[in-house]
Amino acid sequence: MSAPTPHPQQHPPVPPTGPQSSFAPPPGGHPQSGPAARPTMPPYGAHPPQGYPVHGYPAPGGQPGVPPTPRKSWFARHKILTGLGVVVLLMIVGASLGGGGDDEPAAPAAVADAGAEATSPEDADVEADTAPAEEEPAEEPAPAPEPPAAPGVGTAVRDGKFEFTVTSVETGVPSVGDQYLSQEAQGQYVLVHMTVTNIGDEAQMFTGGNQQLTDTEGRTHESDSTAAIYLGDTNSFLTDINPGNAVEGVVVFDIPVDAVPATLSLHDSMFSGGVEVSLG
């Protein structure tokens, strides 16, 4: 009796060592044959044998796997930014092309002439009718009239109940009185001779103390009643004048030596407005 022939499937097949196979067939199975044969995925966690495809890419020298999805470009993934960039670029190009033209702006005179030609005669008449009339220059104000000159020596003037007439003026008098009774001036005496008439209906007292003299520098001087006493009969110190009567008197003023009399202010009393007489 011959020994039994072992069954071919009792012993695992020896994987080929040549370049024809890249890995061993699974146990109990046979490698697929033909051009469409694809390698079987090894168990999870097992290290793939040499030449096995990794992450879907074909192994060197093996069949190609499924091609990877192509990655989109930056411009495709940022369409809005790409569109804005294109618009800005077009604006820059348009501005550079528009600013480099050789055409020069029309001269102001040419523009004015063109506007004048475009205006018809009818329009010109309408514009002339509606144009505001030119304002006439304002008239310069007339100069203020000069005040009338004050009455001078020899002219009768009135204030209140008295009428005054200055008859003469003496200046530069150093003293008044005689060799026995006299008084010297601080500067110079000015003797104003005048006639005073009562034009009222009752008696009125005349006194030199109510009169004032103004020099050419605008300084006002009061009368010197004491010096008038040394003159004797001056009728300028508390003299009553009845209605219709007139007296001749002298009013004395003591002013600086270099002063020049200008005007005289005469009053019938200390409360009256007074009247001015020029002594120049």
Side-chain angles (χ1 to χ4, degrees), residues 141-280:
E146 296 182 359
V153 176
T155 304
V157 294
R158 293 184 176 186
D159 179 70
K161 296 179 180 181
F162 286 158
E163 181 181 79
F164 302 91
T165 303
V166 177
T167 57
S168 63
V169 178
E170 296 180 55
T171 60
V173 179
S175 63
V176 292
D178 53 24
Q179 58 181 349
Y180 301 106
L181 296 173
S182 64
Q183 180 172 322
E184 294 185 357
Q186 297 175 353
Q188 62 168 325
Y189 284 123
V190 176
L191 307 182
V192 180
H193 298 262
M194 66 181 67
T195 300
V196 183
T197 303
N198 186 345
I199 58 175
D201 55 2
E202 60 184 3
Q204 182 75 10
M205 180 178 292
F206 169 71
T207 177
N210 295 332
Q211 321 311 320
Q212 295 175 335
L213 183 145
T214 303
D215 61 22
T216 54
E217 296 184 10
R219 296 173 295 187
T220 301
H221 306 275
E222 301 292 337
S223 65
D224 189 345
S225 299
T226 303
I229 296 175
Y230 287 91
L231 287 175
D233 191 13
T234 59
N235 294 322
S236 61
F237 182 74
L238 302 178
T239 301
D240 284 331
I241 304 176
N242 288 320
N245 290 341
V247 297
E248 294 182 356
V250 179
V251 181
V252 182
F253 297 92
D254 189 351
I255 66 175
V257 176
D258 58 348
V260 178
T263 59
L264 186 66
S265 180
L266 302 173
H267 301 263
D268 79 331
S269 65
M270 62 184 304
F271 302 106
S272 68
V275 62
E276 189 173 277
V277 175
S278 176
L279 302 179

Q. Between Met270 and Asn210, does a side-chain contact (heavy atoms from CB on, under 4.5 Å) hold up when you go through it step by step?
A. CA-CA 5 Å; Met270 62 184 304; Asn210 295 332; 3.6 Å; yes
Q) Is there a donor-acceptor contact under 3.5 Å from the side chain of Gln188 to the main chain of Pro256? A) yes
Q: Taking all non-hydrogen atoms of both residues into account, name the closest pair between Thr195 and Ala246 and its distance.
A: CG2-CB, 4.3 Å
**Q.** Test applied, side-chain contact (heavy atoms from CB on, under 4.5 Å); reference residue, Leu266; option that passes from Gln212, Met194, Glu276
**A.** Met194
Q.
Measuring only between side-chain heavy atoms, which start at C-beta, is Val190 closer than 4.5 Å to Val169?
A. yes
(Q) Whether the side chain of Ser278 engages the backbone of Ala150 through a donor-acceptor N/O pair (distance < 3.5 Å, no angle test) should be reported. (A) no
Q) Are there more than 12 heavy atoms of other residues, nucleotides or ligands under 6.0 Å from atom CD of Glu170? A) yes
**Q.** side-chain contact (heavy atoms from CB on, under 4.5 Å) evaluation trace for Leu191 with Leu231
**A.** CA-CA 10 Å; Leu191 307 182; Leu231 287 175; 4.2 Å; yes
(Q) My understanding is that only one of Ile229, Asp224, Asp254 makes a side-chain contact (heavy atoms from CB on, under 4.5 Å) with Gln183; could you say which? (A) Asp224
**Q.** Any donor-acceptor N/O pair, Ser223 side chain to Gly208 backbone, under 3.5 Å
**A.** yes
(Q) Run the side-chain contact (heavy atoms from CB on, under 4.5 Å) test on Val176 and Tyr189 for me, step by step, so that the C-alpha distance in whole Å, both residues' side-chain angles and the decisive distance to 0.1 Å come before the verdict. (A) CA-CA 8 Å; Val176 292; Tyr189 284 123; 3.9 Å; yes
**Q.** Where His267 and Asp159 come nearest, the two heavy atoms and their spacing
**A.** CA-OD2, 3.4 Å
Q: From the options Asn198, Val251, Leu238, select the one residue that forms a side-chain contact (heavy atoms from CB on, under 4.5 Å) with Phe206.
A: Val251
Q: Of all the heavy-atom pairs spanning Ala185 and Val173, show the shortest one and how long it is.
A: CB-O, 4.1 Å
Q | Euclidean distance, Thr197 OG1 relative to Gln204 CD, rounded to 0.5 Å | A | 13.0 Å
Q | Beyond-backbone contact of Pro261 with His221, side-chain heavy atoms, under 4.5 angstrom | A | no
Q. Is a side-chain donor or acceptor of Glu163 paired with a backbone partner of Val196 at a separation under 3.5 angstrom?
A. no
Q: First locate atom CD of Gln211, then atom CG of Asp268, and finally report the distance between them rounded to the nearest 0.5 Å.
A: 9.0 Å
Q) For the residue pair Ala227 and Val252, what are the closest heavy atoms and their distance? A) CB-CG1, 4.0 Å
Q.
Using 0.5 Å steps for rounding, measure from the OG1 atom of Thr171 to the CZ atom of Phe253.
A. 13.5 Å
Q.
So, taking the atom named CG in Asp215 and the one named OG1 in Thr263, what distance separates them when rounded to the nearest 0.5 Å?
A. 9.0 Å
Q. Could you give the distance from OG1 (Thr214) to CG (Leu279), rounded to the nearest 0.5 Å?
A. 9.0 Å
(Q) Counting C-beta onward and ignoring hydrogens, is there a side-chain heavy-atom pair between Thr216 and Val260 closer than 4.5 Å? (A) yes
Q) Taking atom CZ of Arg219 and atom CD1 of Ile255, what is their separation to the nearest 0.5 Å? A) 8.5 Å
Q | Residue pair Pro243 / Gly200: nearest heavy atoms and the distance that separates them | A | CB-O, 3.3 Å
Q. Which atom names give the shortest non-hydrogen contact between Val257 and Gly187, and what distance separates them?
A. CG2-O, 3.5 Å
